[in-house]
Q: 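Take this structure first; my questions come after.
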Amino acid sequence: MTGQQTAILVICAVAMGLFAWGRWRFDVVGLLALAAAVLSGAVPAEGAFAGFADPAVAAIAAVLVLSAAIRDSGLFSAPLRVLSALPRVTGLEVGVVGAVAAALSALMNNHDAYAALLPAARTSVRRSRRSPAPLVAALGAASLLGGLITIVGTPPNLLVSSLRRQATGTGFGVFDFAPVGAVLAVAGVLFLAFGWRLLPREQRRERDAESVLTGESYTSEVAIPTGSPLVGQTVSALLTRADRDIAVAAIIREDYRRFTPRAGAEIAAGDVLVLNCEPEALQRLIEQAGSFIVGGRGTAGLDPERIGVVEAVVSPGSELVGASPGEIGLDERYRVSLLAIGRRGGHLAARLRRTKLRAGDVLVLQGELDTMGPTLGALGCLTLAERRLRLGRRRRVALPALFMACALGLAGYGLLPISVALLCAVTLLMVLRIATMTEVYGSVAWPVVVLFGALLPVSAALRRSGAADLLAGQIAGLVGGLPAPWTVGATLVLALAATPVINGAATVLLLGPVAASVAARLGLSIDPYLMAVAVGASCDFFTPVGSRGNILSLGTDRNAARGPWRLALGLTLLVALVGTPAILSFWPVR
């Protein structure tokens with residue numbers, strides 16, 4: 001073993017350990033791995049930034065921009081109204097919503113497809129006593145499976161195509177993933193239509209009115225000024241005024257006394273009411289009662305016509321995790337007002353400004369919409385739903401989707417490389433002012449792009465140094481006696497096991513070169529092995545590490561403290577059992 005081989009193997013092992021540890025942001029881990037590889041000589045200094053010039057990185061950034069434009073275009077408003085009219089049969093709703101999510105994810109980034117459909121799922125259950133968990137689970141899983149159908153549906157597909165280009169000179173085509181992806185998407189949607197019963201019982205059962213308010217709503221703080229119509233009224237009168245859409249969790253008096261109010265308790269001037277409610281009910285109360293939201297002053301001085309409200313989920317790598325809004329300085333530094341916090345499986349005891357935030361918390365934020373995207377990206381938050389009007393700008397509903405379809409068509413017929421076709425589509429968005437420059441740059445998940453650009457040279461060094469061949473030789477010696485289909489299945493299972501721990505992109509870039517080398521050692525085609533890596537790296541149903549959609553799911557149904565691990569396990573087994581024969585049928589090993 002040479003010094004370069006030893007260095008790159010140690011770097012990859014340490015990086016995988018840091019990914020699994022989860023205490024450092026994954027883009028920081030990627031940059032550390034790249035820096036260590038350059039310092040050790042495994043990656044030449046002149047090639048340190050070659051990953052950022054890779055067409056796959058540009059394509060991923062362009063897909064994120066186009067997908068966000070399609071999501072915000074309003075194109076799916078009419079179909080979403082049709083979904084809300086479905087009969088209240090959970091299995092039917094799950095199947096239809098899952099099928100639509102899978103279809104959309106084939107044409108746009110799966111995270112944005114999830115976000116586009118999520119409002120319909122929430123609306124369909126908000127006024128009933130049903131749990132949103134089955135529809136949310138269907139959206140999350142089906143969007144992951146649908147992303148397997150095309151090269152743009154999920155970043156691992158583009159990265160695997162880049163690895164194939166490095167190994168053979170030709171990447172995968174736009175629709176090369178379709179046969180395997182379509183089989184898995186159909187199988188997954190059918191499974192979800194019945195398998196939603198694997199969710200925890202507390203996530204499936206109907207809710208009474210109070211549990212809906214206290215379990216799945218947001219916690220807000222409303223100050224009662226002198227002269228408010230609420231001064232002198234009882235808590236019971238407040239609930240009547242709000243049509244029982246609000247629960248009063250506590251009253252804070254004289255800025256430090258906190259008590260749980262009785263129905264007959266009177267509200268005094270200067271009180272701060274801790275409320276559990278949806279943002280719409282909160283807005284109605286404020287308009288009627290002349291009160292104001294504590295912390296809602298970060299937007300003072302901004303143009304009111306450009307201010308809107310956004311719901312966002314705190315991701316595991318966010319700088320907000322473990323810090324309070326006051327410590328971060330949301331209002332002072334970012335000119336963003338925190339209106340409410342929603343937390344899974346529990347209530348908030350501290351004041352909102354002093355609450356230590358967790359991954360999966362949902363924040364209701366108010367600020368200037370044109371800068372909200374970059375602000376959320378800087379904070380490490382993912383948009384859950386936006387309540388905004390594009391004042392002064394005419395919305396071109398169909399054009400973003402049309403541009404995406406044209407880009408896929410041009411690339412699919414070989415007229416343009418996929419990265420160039422997508423770049424042309426993004427350019428049209430900006431030229432026609434369908435999206436502003438701020439929105440374009442705010443749509444890109446820059447930590448994801450940095451991770452890809454940093455790890456691509458490390459992945460190339462793993463292959464170029466011979467370290468991948470070295471590992472492949474050891475693995476080939478262990479599995480050489482097994483039938484070839486078993487080794488493809490083992491690759492898929494290994495990718496499925498690694499992705500929840502180290503992130504899908506890291507799985508592709510670290511496992512992909514080794515899988516390709518194993519195939520070469522065994523004298524087999526590398527295509528089924530790379531396809532197995534792509535499928536496994538795209539199908540994390542367990543944790544927020546492997547999928548941004550999983551992060552959103554953490555915040556959407558907050559009633560149950562336990563995660564849906566049984567459903568996730570069932571979906572993972574389905575992918576392994578159905579995916580292996582599907583890959584071998586369309587991508588034979590010889």
Side-chain angles (χ1 to χ4, degrees), residues 64-65 67-74 76-77 109 111-123 126 216-221 277-283 286 293-300 302-315 318-320 325 328-331 333-343 352 355 357 359-391 393 395 435-436 438-446 548-549 551-556 558:
L64 292 173
V65 173
S67 298
I70 295 171
R71 179 197 68 204
D72 295 337
S73 67
F76 304 114
S77 298
N109 179 263
H111 160 70
D112 288 300
Y114 178 103
L117 291 171
L118 186 58
R122 299 174 68 192
T123 300
R126 181 168 289 161
E216 294 177 1
S217 54
Y218 297 89
T219 300
S220 302
E221 294 179 352
C277 60
E278 289 291 334
E280 292 89 348
L282 180 65
Q283 181 65 29
I286 291 171
I293 300 174
V294 175
R297 298 175 177 176
T299 56
L302 299 180
D303 183 355
E305 290 191 346
R306 305 179 68 180
I307 293 175
V309 178
V310 174
E311 292 176 56
V313 181
V314 179
S315 66
S318 170
E319 66 175 286
L320 296 177
I328 294 294
L330 280 179
D331 47 0
R333 290 176 55 193
Y334 297 98
R335 300 302 301 275
V336 171
S337 297
L338 175 65
L339 306 186
I341 299 176
R343 173 162 294 174
L352 294 191
T355 296
L357 298 175
D361 282 352
V362 183
L363 310 181
V364 181
L365 302 168
Q366 185 181 50
E368 192 170 308
L369 289 171
D370 286 343
T371 61
M372 189 69 80
T375 298
L376 292 177
L379 292 172
C381 297
L382 301 178
T383 301
L384 184 65
E386 293 186 353
R387 310 168 189 275
R388 64 162 142 180
L389 295 174
R390 295 175 175 266
L391 299 173
R393 289 170 55 191
R395 228 171 23 169
T436 66
T438 301
E439 290 171 336
V440 167
Y441 287 111
S443 301
V444 179
W446 292 109
R548 293 194 293 165
I551 301 171
L552 296 183
S553 297
L554 281 177
T556 303
R558 301 183 296 276

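What's counted below: heavy atoms across the whole structure, side chains too, no hydrogens, waters or symmetry copies.
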Q: CG of Leu363 to OG of Ser318: how many Å apart, nearest 0.5 Å?
A: 8.5 Å
Q: Determine, step by step, whether Ile341 and Val362 satisfy the side-chain contact (heavy atoms from CB on, under 4.5 Å) criterion, reporting the C-alpha distance in whole Å, the side-chain angles of both residues, the deciding distance to 0.1 Å, and the verdict.
A: CA-CA 6 Å; Ile341 299 176; Val362 183; over 6 Å; no
Q: For residues Leu320 and Cys381, report the shortest heavy-atom separation together with the two atoms involved.
A: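 Where Leu320 meets Cys381 most closely, the heavy atoms are CD1-SG, 3.6 Å.
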Q: Quick one: pull up CD in Gln366 and CG in Leu330 and give me the separation to the nearest 0.5 Å.
A: 13.0 Å
Q: I need the minimum non-hydrogen distance between Glu221 and Leu352, along with the two atoms involved.
A: OE2-N, 3.0 Å
Q: Given the rule in the side-chain contact (heavy atoms from CB on, under 4.5 Å) test, do Leu338 and Asp331 qualify, once you have shown the distances and angles that lead to the verdict?
A: CA-CA 8 Å; Leu338 175 65; Asp331 47 0; over 6 Å; no
Q: In Å, rounded to the nearest 0.5 Å, how long is the span from CZ of Arg335 to OG1 of Thr375?
A: 11.0 Å
Q: Using the rule given for side-chain contact (heavy atoms from CB on, under 4.5 Å), can you reason through Ile70 versus Asp112, listing the C-alpha separation, both sets of side-chain angles and the distance that settles it, and then say yes or no?
A: CA-CA 8 Å; Ile70 295 171; Asp112 288 300; over 6 Å; no
Q: If you measure from CG on Leu365 to CG on Leu376, what distance do you get to the nearest 0.5 Å?
A: 6.5 Å
Q: Might you point out which heavy atoms bring Ser220 and Ala340 nearest each other, and give the distance in Å?
A: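 Heavy atoms of Ser220 and Ala340 come nearest at OG-CB, 3.0 Å.
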Q: Which heavy atom of Trp446 sits nearest to which heavy atom of Tyr441, and what is that distance?
A: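 Smallest heavy-atom distance, with atoms named: NE1-O, 3.0 Å.
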Q: If I compare all heavy atoms of Glu311 with all of Val364, which pair ends up nearest, and what's the gap?
A: CG-CG2, 4.1 Å
Q: Enter the distance from Leu379:CG to Leu357:CG here, rounded to the nearest 0.5 Å.
A: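 It comes to 10.0 Å.
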